Structure formats: C-alpha cells, structure tokens
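Have a look at the structure below before the remarks.
Remember, it's a predicted structure, so these values are computed and weren't measured experimentally.
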Amino acid sequence: ATVPYRDSQYLAGIVSAANSGSSGDAGSVDVTLSGPLAILNSGAISSATFGQGSAGTVAIRARDLRMDGPLTWITSASYANATGAAGNVTVEVADLAQLNHEAKISSDTYTAGHAGLVRILAGNLELNNGAAISSITGTPATGDAGSVTINTGNLQMNNGAVISSSTNSVGDAGQLM
C-alpha cells in the first residue's frame, strides 16, 4: 500500500482528529498489512487533537516500511489550544523500516496533555537525511514528552538523523530505551 503525496490543498493520508471546539476524543488508527507500506511526500498516518479530547493511539504493522519526504509522518499529537493528551505510537516491521528526508515517527504535545510512548520494533531500522523518531514537548506545553523504545536487529543512522525524547518547555523529556 502507498500513501502518496499531497496535492495543493489536502494532505494525503489516514487521519483521525478531534477538531477545535470538540469535546470528544480522536479515534485510534490501526493499519495492518502483510506486504510493504510506503508513505511518501507529505503523506501521513495520524491521530490528533485540537480540542478537549485526547488523540488516539496509532499502530502500524507491515512487512516493510518506507517513509520519504518532509511532512511525512506517523504520529499522534496534541496541538496548541487542545487540552487532551497525545496517544502512543507503535510501529512493527518484520524486515526493513527506512525513513528518509525528514520523515518522522512521533508522539508530540504542545499542550497540558502528555505525549505518548513511541515504540519501534523492526528487523532493520535505517534513518537518513534528517529523519527522526521522537517524542517532543513543544512550546508552550506543560505536558511531558513520552519515552522512545527501539528494538531492532540493525540500526543505521546517517546525515542528521535523530532518535530523541526532548522538551522545549516545562514538561519533562521521556526515556530512550
């Protein structure tokens, strides 16, 4: 399956969101494939909250994963003006998970809600050219970033790739495991 690029108005992807002014939670997103998954050129798989509710969990299972391009995400996030938490993100790939050109897997918070745990299980994991696996507490958030857990047979990182849990505000960073 391929989640392609976005056109001039719309992000391509699989998205569940609690929009601004809403009080309910965003739903969880669960994608399971027996073959490969490609998310390209601003494609996204996400659960997010912009309202009072929390974002849902995001779970991906595939034989191979290739992500390529800026604004190419697998994420659960709580954005500015929301009050709920971000959900956990789990990515399980039997063979190769490859992230290129600023592609990102994350659980982030920009609110009082906490970010979730990011868990990657992959036979081989390769991050290139600014790609990231992270959990972030952004400004002006007061919630904590989540922990990031990586379990892989082989890890290769090149040209500014990052695995991190960080805070840019009063919330605490999570652990790297």
Problem - Co-membership, hydrophobic cluster, residues Ile45 and Leu99, 4.5 Å side-chain - result: yes
Problem - Pairs touching residues 154-169 that satisfy salt bridge (charged side-chain N to carboxylate O under 4.0 Å, His left out), sequence neighbours left out - result: none
Completion exercise
Between Asp144 and Thr137, the two heavy atoms sitting closest are C-OG1, 3.2 Å
Practice task
Using modelled atom types only, decide if a donor and an acceptor are shared between the side chain of Ser46 and the backbone of Val15 within a distance under 3.5 Å.
Solution key: no
Problem - Between Ser28 and Thr57, a side-chain donor and acceptor under 3.5 Å - result: yes
Problem - Any donor-acceptor N or O pair under 3.5 Å, side chains Ser42, Thr72 - result: no
Practice task
Look only at the side chain of Asn168 and the backbone of Thr139, and say whether a donor-acceptor pair between them is shorter than 3.5 Å.
Solution key: no
Problem - Any side-chain donor near an acceptor of the partner, Thr167 and Ser169, under 3.5 Å - result: no
Fill in the blank from the handout: Smallest heavy-atom separation, Val89 atom then Ser107 atom, equals CG2-CB, 4.2 Å
Problem - Working for salt bridge (charged side-chain N to carboxylate O under 4.0 Å, His left out), residues Arg66 and Asp68 - result: CA-CA 7 Å; Arg66 184 170 71 95; Asp68 199 334; 3.7 Å; yes
Handout entry: Qualifying salt bridge (charged side-chain N to carboxylate O under 4.0 Å, His left out) pairs with a residue from residues 149-167, counting only residues at least two apart or across chains
Key = none
Handout entry: Spacing of Ser78 atom OG and Phe50 atom CZ [to the nearest 0.5 Å]
Key = 9.5 Å
Practice task
Verify the neighbour count for atom CG of Asn19: are there more than 12 heavy atoms of other residues, nucleotides or ligands below 6.0 Å?
Solution key: yes
Completion exercise
Residue pairs meeting salt bridge (charged side-chain N to carboxylate O under 4.0 Å, His left out), one or both in residues 20-29, sequence neighbours left out, come to none
Practice task
Return the minimal non-hydrogen interatomic distance between Ala26 and Ala48, and the atom names on each side.
Solution key: CB-O, 3.3 Å
Handout entry: Any donor-acceptor N/O pair, Ser135 side chain to Ser147 backbone, under 3.5 Å
Key = no
